[in-house]
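Beneath this line is the structure, given in structure tokens, with notes to follow.
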Amino acid sequence: MTTAADDLDPALRAEALASLLIERGLVDEGVMNNFIKTYELSVGPMNGAKVVARAWIDPSYRERLLADGTGAIAELGFKGPQGEHIVVLENTPGVHHVVVCTLCSCYPWPVLGLPPSWYKDPSYRSRIVREPRAVLAEFGLELGEDVTIRVFDSSSEVRYMVLPLRPAGTEGLSEEELAALVTRDAMVGVAQAGTP
Amino acid sequence: MSGPGGHADPAYLLDASGPAAPPRDNGELVFRAPWESKAFGLALALTDAGLIDWEDFRRALIGEISGWETAHPSGEGWSYYDCWLRSLERVVSAGGLVGAGAVADRAAQLAALPPGHDHADAGHPGHDHPHAGHDHPAAGHDHD
């Protein structure tokens, strides 16, 4: 039964589980630490930002990205766990997309890294479906009544990423400068891309 | 460990108590405590080694989360990685890798250790270093 262990601090239980798995040769400590370091330091929304910037400047890439998210994202070298079935949702002046995982916390790790705490929060996961306009307003994103909001629920089959609208006045910017305008929140759909 | 009942990290409580105003910081830490990163790394390492199936783990996680939400309608005390760890314990136990009893026993042992128990065999400050593994440097220093 897990009842006895349930009463103990999760830090102790995690350490206990790790030490037992390592002792029994089931987990290589180096592999475990490498996964942690990778997601703490290397894999993050900067990957997705590069994808978005490329899509903004290269129409054929944008087409490939919308047709096959995983494939086009892999072209830039981003792949790995939770990236097997990425679908990219393109925002337009009339349609805004926002992403959630109502059941757990499915999220496109290779392009966005691990999800922020609010994405995993029970209140975001339930409220964004029921009252997306109000929740987006709490994030500081006020959308006009003429803008349709579409909420996409991630699942084991599909991880969504939003392709935000390219901000006005960015015609002369380089790909790198454009990527700097793309935030994680914009790619989840709770914000717009920034302005230079 | 910290004082009695001192495991409640205030950052946690703050986060869980303000669900209507989700934090929007783009630069927040991925893990809020070392044990969270450990639970994360274990799940990935076990999946990578083919010892657990990610889909089994995900189903367990969905079950833990919905069970927690049903039991805590106010949302107070929410910890995502606590659900994660419980799910991991379940699939690890179901897969016959490490039983729940063994985890509980080991955790209780760890709890009973005095503070600063790490590196039990390294606490000899002031002793001369033991030379084990110090190769004799002569090989690279042939002065004619």
Interface moiety of A:Leu26 toward chain B, non-hydrogen atoms closer than 4.5 Å: both
Under 4.5 Å from any heavy atom of chain B - which part of A:Cys106: side chain
Closest contact, heavy atoms only, A:Leu8 versus B:Ala104: CD1-O, 3.8 Å
side-chain contact (heavy atoms from CB on, under 4.5 Å) between B:Leu44 and A:Met32, intermediate numbers included: CA-CA 7 Å; B:Leu44 264 76; A:Met32 175 182 88; over 6 Å; no
Same apolar cluster: A:Leu136 and A:Phe152, side chain cutoff 4.5 Å: yes
Neighbour count >12 (heavy atoms, 6.0 Å) for atom CD, B:Glu55: yes
A:Arg150, CZ: over 12 other non-hydrogen atoms inside 6.0 angstrom: no
Nearest atoms (heavy-atom pairs only) where A:Pro122 meets B:Trp68: CG-CZ3, 4.4 Å
Transitive ILVMFWY side-chain link A:Leu89 to A:Trp109, under 4.5 Å: yes
Which portion of B:Ser37 sits near chain A, non-hydrogen atoms under 4.5 angstrom: both
A:Tyr124 and B:Trp78 aromatic centres sub-6.0 Å: no
Per-residue contact mode, B:Asp48 against chain A (heavy atom under 4.5 angstrom): side chain
B:Leu51 reachable from B:Phe57 in the ILVMFWY side-chain graph, under 4.5 Å edges: yes
Atom pair CZ/CG of B:Arg106 and A:Leu12 - distance to nearest 0.5 Å: 12.0 Å
Criterion side-chain contact (heavy atoms from CB on, under 4.5 Å) on B:Asp82 and A:Arg13, from CA distance to verdict: CA-CA 10 Å; B:Asp82 198 43; A:Arg13 279 164 36 229; 3.9 Å; yes
Engaged part of A:Tyr39 at the chain B interface, taking heavy atoms whose separation is under 4.5 Å: both
Distance, nearest 0.5 Å, that separates CG of A:Leu17 from NZ of B:Lys38: 10.0 Å
Rounded distance (nearest 0.5 Å) linking atom OG of A:Ser117 with atom CD of B:Glu36: 9.5 Å
Inter-residue atom distance B:Tyr81.OH - A:Ser105.OG, 0.5 Å rounding: 7.5 Å
Greatest number of heavy atom pairs closer than 4.5 Å to chain B - which of A:Pro81, A:Gly44, A:Cys104: A:Cys104
Cluster link A:Val99 to A:Val87, ILVMFWY, side chain under 4.5 Å: yes
Common cluster, A:Val129/B:Ile65, ILVMFWY with side-chain heavy-atom separation under 4.5 Å: yes
Most chain A-contacting option - heavy-atom pairs closer than 4.5 Å, from B:Leu61, B:Leu97, B:Asp105: B:Leu97
Contact origin within A:Ser19 toward chain B - heavy atom pairs under 4.5 Å: both
Spacing of CG belonging to A:Asp9 relative to CH2 belonging to B:Trp35, to within rounding of 0.5 Å: 8.0 Å
CD-CG distance between A:Glu15 and B:Leu113, expressed to the nearest 0.5 angstrom: 8.5 Å
Pick from B:His72, B:Glu69, B:Arg59, B:Gln109 with the largest number of heavy-atom pairs that fall under 4.5 Å of chain A: B:Glu69
Shortest non-hydrogen contact between B:Ala107 and A:Ala16, atoms and distance: N-CB, 3.5 Å
